[in-house]
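Since the structure comes first, as structure tokens, the remarks are kept for the end.
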Amino acid sequence: MCLRELTSLDAGIQDIQLVPGGVRFFCKPGETFPAALWLRSPSRIYMRIARFKADRFAILEKKIQAIDWELFLPAGTDPAIQVTTHTSRLYHSDAVADRCRPIIQAALKAKTSQNPDSQTLMVRSENDWFDISLDLSGPPLYKRGIKHRVAGAPLRENLAFAILDATGFTADDVLVDPMCGSGTFSIEGAMVQAHIPPGFFRTFSFESWPAFSAAGFQHAKSLAAQHFTPVGPIFASDVDPEAVAALNTNLAGQKFLASVQACQQDFFDIVPDRLTPKKGVVVLNPPYGRRIGKNRDTTAFYREIMGKLAADFKGWRVGLVFPGKHLPKMTQLRLQPFHFFHGGLDLTAGIGIV
Ligand SMILES: C[S@@+](CC[C@H](N)C(=O)[O-])C[C@H]1O[C@@H](n2cnc3c(N)ncnc32)[C@H](O)[C@@H]1O
């Protein structure tokens, strides 16, 4: 999905390749900024600034010294250093960080403890090869800077996007989000439909980098803002009044979210034909495991959900999140499984047409 997003970006991005756990691409530093502004699916973007072999601390220090740090980071910063090592002679991650830190601090004339965590440097070694990278975003990219109130167990925004995208969701679709919580699917859907860059409402750690042009970035954002148009309709509902209150707080004051209609309602009471004459997309991330409550059983609850979808949402495209690595064998609906990992749990999104 990320590869597809990168390919369709109108930026000087080249040589896009799938690698384990991610996508690698080449571009000029300034071209990563629009990527961070526009990509909806990734959690992070790291900019690799050096790669070298080092099997002794003296070599590591020499290579770190050779990097022109002032080209990448603002003078005065003291970046946090995260080290991971794997099958390397320099295996002690704290010792690696301790050798790198004074060199970088000296190069940047760091005022120690000034914004200590605002920049993060990743030092990774495998088989004595070191990759030195900078984290572009600061807080992960799925933090869109819109949801100020969060109800229980929200899905990450990039995963909500991935599920919407897998259903084929577009600006022409009606969206029903009947277990909306604080509104992750609905807000993400509204942003997709209104062509709002996912990074529009947040800041990034690269905004203080020497290569960053505030005027250029602001211009890109202003161009994007000219096209913001709420589309919808998006029907968000939840049985829990607290969740609906949280969603209403998140919707308040955002014009592009005018397409989202929020109300308190039990999913099992929804009659889609009364909401809209058009069939569209329905997405659900139901409670499971210990969240479902003492006297209820996850399997039975999912069976009820699938029964309701099969009875009342005929012809709708569906994205339904299941706990576990595989779709359970209860096939009221034919769904294609997409396994993913979320907050330490294996989950599977079932995607299909009812
Ligand atoms: C895991 S949370 C979903 C959070 C939401 N998708 C998000 O990412 O922000 C599950 C939600 O389902 C709601 N829920 C549970 N049973 C429901 C029902 N029968 N009808 C409507 N909502 C229900 C809960 O109140 C809770 O907000």
Side-chain angles (χ1 to χ4, degrees), residues 40-41 43 140-167 169 175-192 198 234-251 254 257 260-272 274-275 281-313 316 318-324 338 340-351:
R40 298 182 200 275
S41 62
S43 299
L141 289 168
Y142 54 78
K143 295 204 181 268
R144 310 290 201 220
I146 295 180
K147 261 173 51 185
H148 299 295
R149 259 186 83 184
V150 176
L155 206 60
R156 286 184 188 155
E157 282 70 4
N158 58 337
L159 293 171
F161 164 71
I163 291 170
L164 285 169
D165 197 63
T167 68
F169 176 73
L175 179 65
V176 171
D177 177 12
M179 296 193 183
C180 66
S182 42
T184 316
F185 279 123
S186 294
I187 295 174
E188 200 61 22
M191 288 182 90
V192 168
I234 295 177
F235 299 100
S237 51
D238 198 289
V239 76
D240 176 4
E242 286 289 315
V244 180
L247 172 57
N248 276 323
T249 308
N250 293 330
L251 297 180
Q254 295 286 12
L257 290 175
V260 182
Q261 303 172 24
C263 73
Q264 186 197 347
Q265 191 170 26
D266 192 311
F267 164 62
F268 297 98
D269 294 337
I270 293 179
V271 181
R274 280 195 214 137
L275 293 177
V281 171
V282 53
V283 275
L284 298 106
N285 174 27
Y288 34 79
R290 67 190 160 80
R291 292 208 165 266
I292 197 166
K294 269 196 185 136
N295 301 319
R296 293 169 83 191
D297 152 40
T298 304
T299 310
F301 187 49
Y302 268 83
R303 202 168 281 137
E304 284 171 45
I305 292 171
M306 310 247 282
K308 168 76 181 168
L309 288 170
D312 292 339
F313 285 82
W316 285 64
V318 62
L320 174 56
V321 177
F322 292 84
F338 291 86
F340 63 100
F341 211 53
H342 186 256
L345 293 176
D346 281 304
L347 299 178
T348 303
I351 307 290

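Counting starts at 1 for both ligands and their atoms, following the listed order.
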(message) Assess the residue pair Leu284 and Leu309 against the criterion (side-chain contact (heavy atoms from CB on, under 4.5 Å)); give the C-alpha distance rounded to whole Å, side-chain angles, the decisive distance to 0.1 Å, and a yes or no.
(response) CA-CA 11 Å; Leu284 298 106; Leu309 288 170; 4.1 Å; yes

(message) Could you report the tightest heavy-atom contact between Val260 and Ala190, atom names first, then the distance?
(response) CG2-CB, 4.0 Å

(message) With nothing but distance in play, are any N or O atoms of Leu155 less than 3.5 Å from an N or O of ligand 1?
(response) yes

(message) With respect to Asp266, determine whether any N or O atom, backbone or side chain, lies less than 3.5 Å from an N or O atom of ligand 1.
(response) yes

(message) For ligand 1, which is the ligand I care about here, please tell me if Phe185 has any N or O atom under 3.5 Å from one of the ligand's N or O atoms.
(response) no

(request) Give the numbers and elements of all ligand 1 atoms closer than 4.0 Å to a heavy atom of Phe268. (result) 19 (N)

(message) So for ligand 1, is Phe267 a polar contact partner (N or O within less than 3.5 Å, distance only)?
(response) yes

(message) I want to know if ligand 1 touches Thr184 in the polar sense, i.e. an N/O pair below 3.5 angstrom.
(response) yes

(message) With a 6.0 Å cut-off (strictly less than), is the heavy-atom count around NZ of Lys143, excluding the residue itself, greater than 12?
(response) no

(message) Contact between ligand 1 and Tyr288 is defined here as a heavy atom of the residue under 4.0 Å from a ligand atom; is it met?
(response) no

(request) Please say whether more than 12 non-hydrogen atoms of neighbouring residues, nucleotides or ligands are located less than 6.0 Å from CD in Glu242. (result) no

(request) Could you tell me whether some N/O pair between Asp238 and ligand 1 is separated by less than 3.5 angstrom? (result) yes

(request) Compare every heavy atom of Gly189 with every heavy atom of Leu175, then report the nearest pair and how far apart it is. (result) CD2-CA, 4.4 Å

(request) Taking the side chain as every heavy atom from C-beta outward, state whether Val271 and Asp312 have any atom pair closer than 4.5 Å. (result) no

